[in-house]
Amino acid sequence: MGTVFAIILVFVGCCSNVVFLELLVRDFPGCGNIVTFAQFLFIALEGFIFETRLGSKKPAIPIRNYVIMVTMFFTVSVINNYALNFNISMPLHMIFRSGSLIANMILGIVILKKRYPPSKYVSIALVSVGIFICTVMSAKQVNAADVGSEEEPGFRAFVRWLVGIAMLTFALLMSARMGIFQETLYKKYGKHSKEALFYNHFLPLPGFLLLSADISDHCVYFSQSTAALVPLLRVQVPIMWLYLLANVVTQYVCIRGVFVLTTECASLTVTLVVTLRKFLSLMVSIVYFQNPFTPWHWAGTAVVFAGTLLYTEVWSGLTAPKKKAR
């Protein structure tokens, strides 16, 4: 699978996945656990059948490395979610996570001793600033209803906020470190994107036992939702189960593209593609909820695209003198 096709999978799969996720969350805001479990279970089953051949194929990369990777992923997810309990607002949470490009570049320089041309530094800065602008503008509408409702911040609240910032910073750096760890594994053991996809979703499955009660409750809620007719099968199925199925399939397409990219591209390039995907998902969300697209959104979009073109050196390719045909 080529790099271009993998990028197409990421953008098509992830952006359509956002639509089905919002359809689920609109009716059941607390359905995150059942959605995540369904995604992990589907990818693990597909990998168990087609990648490990029902467990008969030994992994090319030692299991201990996958355990380390899964531990990193689990740690990042838990800390990112738990930071919201430390006076961290959702807009600030989103802005921090958009800084993954810079974190990845910094760790690439420190750990892998990489050096980038000046254009790469400028492009990463432009993309980060553009996403920052769009996120802040989108967050203003969310915060508008909360104006005047905050309590007078004291020293204790400020300390809690600092702890939350420290947690987000640690999670950001840990996420970047995980990307670099994947890159070094593939250089050492070869490209095994489907194997990595399987073990990264299979190993965490026992952890969902802790969430079994919540998952069971939402199974009941989904079954009680409005029935919809499936044209080809001519049967009626609760619509929330159809949304969940569509979400799971599109998530598989999305995550498959990401894992292929990790084998084909450097960690920084993968982070750029994923960050641009998040940016496009933000734009899709704005259109879906019919929120106004302000001049600041246009400005942020222009900056993001300018940074992307600079990073991919498209402009250099267009302006470079063409060789004369002999």
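This is a predicted model, so every value here is computed, not measured.
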Task: Whether Ser216 side chain and Ala213 backbone form a donor-acceptor pair below 3.5 Å - done: no

Task: Nearest heavy-atom neighbours spanning Met105 and Tyr116 - done: CG-CE1, 3.9 Å

Task: Any donor-acceptor pair under 3.5 Å from Ser175 side chain to Ala171 backbone - done: no

Open item on the list: Would Phe37 and Leu211 count as a side-chain contact (heavy atoms from CB on, under 4.5 Å) here? Give the steps.
Closed with: CA-CA 9 Å; Phe37 172 69; Leu211 308 171; over 6 Å; no

TODO: Verify, without hydrogens or angle tests, whether Glu195 (side chain) and Ala60 (backbone) share a donor-acceptor contact under 3.5 angstrom.
DONE: yes

Open item on the list: Let me confirm one number: the CD-OG1 distance from Gln236 to Thr226, rounded to the nearest 0.5 Å.
Closed with: 10.5 Å

Task: Asn65 and Lys188, any side-chain heavy atoms less than 4.5 Å apart - done: no

- [ ] Determine, using the 4.5 Å side-chain heavy-atom cutoff (strictly less than), whether Ile8 and Leu197 are members of one ILVMFWY cluster.
- [x] no

Task: Donor-acceptor under 3.5 Å (Thr36 side chain, Asn33 main chain) - done: no

Task: Validation row: Ile255, Gln39 side chains within 4.5 angstrom (heavy atoms) - done: no

Task: Spacing of CD belonging to Glu51 relative to NZ belonging to Lys57, to within rounding of 0.5 Å - done: 4.0 Å

TODO: Would you kindly confirm whether Leu245 and Leu21 end up in one hydrophobic cluster when ILVMFWY residues are joined by side chain heavy atoms under 4.5 Å apart?
DONE: no

Open item on the list: Tell me whether Leu210 shares a hydrophobic cluster with Ile215, the cluster being built from Ile, Leu, Val, Met, Phe, Trp, Tyr side chains joined at under 4.5 Å.
Closed with: no

Open item on the list: Just checking Phe170: does its CZ atom have more than 12 heavy atoms from other residues, nucleotides or ligands closer to it than 6.0 angstrom?
Closed with: no

- [ ] Start with the C-alpha distance between Ile109 and Arg115, add both sets of side-chain angles, then the distance that settles side-chain contact (heavy atoms from CB on, under 4.5 Å), and finish with yes or no.
- [x] CA-CA 6 Å; Ile109 294 171; Arg115 293 296 179 266; 3.2 Å; yes

TODO: Assess whether atom OH of Tyr221 is packed by more than 12 heavy atoms of other residues, nucleotides or ligands within 6.0 Å.
DONE: no

Open item on the list: So, using ring-ring contact (aromatic ring centres under 6.0 Å, His included) as the criterion, who are the partners of Phe20 when residues are at least two apart?
Closed with: none

Task: Spatial distance of atom CD1 (Ile79) from atom CE (Met167) [nearest 0.5 Å] - done: 6.0 Å

Open item on the list: Measuring only between side-chain heavy atoms, which start at C-beta, is Leu41 closer than 4.5 Å to Phe208?
Closed with: no

- [ ] Would you name the heavy atoms of Cys219 and Ile34 that are closest together and state the gap between them?
- [x] SG-CD1, 3.8 Å

Open item on the list: Using the rule given for side-chain contact (heavy atoms from CB on, under 4.5 Å), can you reason through Met69 versus Leu185, listing the C-alpha separation, both sets of side-chain angles and the distance that settles it, and then say yes or no?
Closed with: CA-CA 10 Å; Met69 197 183 303; Leu185 280 183; 3.4 Å; yes

Open item on the list: Just verifying a value: how many Å separate Leu242 CG and Leu23 CG, rounded to the nearest 0.5 Å?
Closed with: 11.5 Å

TODO: Hey, could you give me the NZ/CD1 distance between Lys194 and Ile43, rounded to the nearest 0.5 Å?
DONE: 11.5 Å

- [ ] Taking all non-hydrogen atoms of both residues into account, name the closest pair between Ala44 and Leu205 and its distance.
- [x] CB-CD1, 3.9 Å

Task: Test item: Asn200 side-chain N/O and Ala196 main-chain N/O as donor-acceptor pair under 3.5 Å - done: yes

Task: Among Phe48, Phe202, Tyr252, Phe198, ring-ring contact (aromatic ring centres under 6.0 Å, His included) partner for Phe42 - done: Tyr252

Open item on the list: Do the side chains of Glu183 and Lys114 get close enough for a salt bridge, i.e. N-O under 4.0 angstrom?
Closed with: yes

Task: Nearest heavy-atom neighbours spanning Leu107 and Leu173 - done: CD1-O, 3.2 Å

Open item on the list: So does Ala246 get a backbone contact from the side chain of Thr250, meaning a donor-acceptor N/O pair under 3.5 Å?
Closed with: yes

TODO: Could you note down all residue pairs passing ring-ring contact (aromatic ring centres under 6.0 Å, His included) where residues 225-244 supplies at least one of them, sequence neighbours left out?
DONE: Phe222-Trp241

TODO: For Leu261 and Val10, work out which heavy atoms get closest and say how close.
DONE: CD1-CG2, 3.9 Å

Open item on the list: Rounded at 0.5 Å granularity, tell me how far CZ in Arg177 sits from CD in Gln182.
Closed with: 11.0 Å

Open item on the list: Tell me the closest heavy-atom pair linking Pro238 and Ser225, and the distance in Å.
Closed with: CB-OG, 3.3 Å

Open item on the list: With heavy-atom distances below 4.5 Å as the criterion, would you say the side chains of Val35 and Leu244 are in contact?
Closed with: yes

TODO: Please step through side-chain contact (heavy atoms from CB on, under 4.5 Å) for the pair Val70 and Tyr199, ending with a clear verdict.
DONE: CA-CA 8 Å; Val70 168; Tyr199 283 105; over 6 Å; no

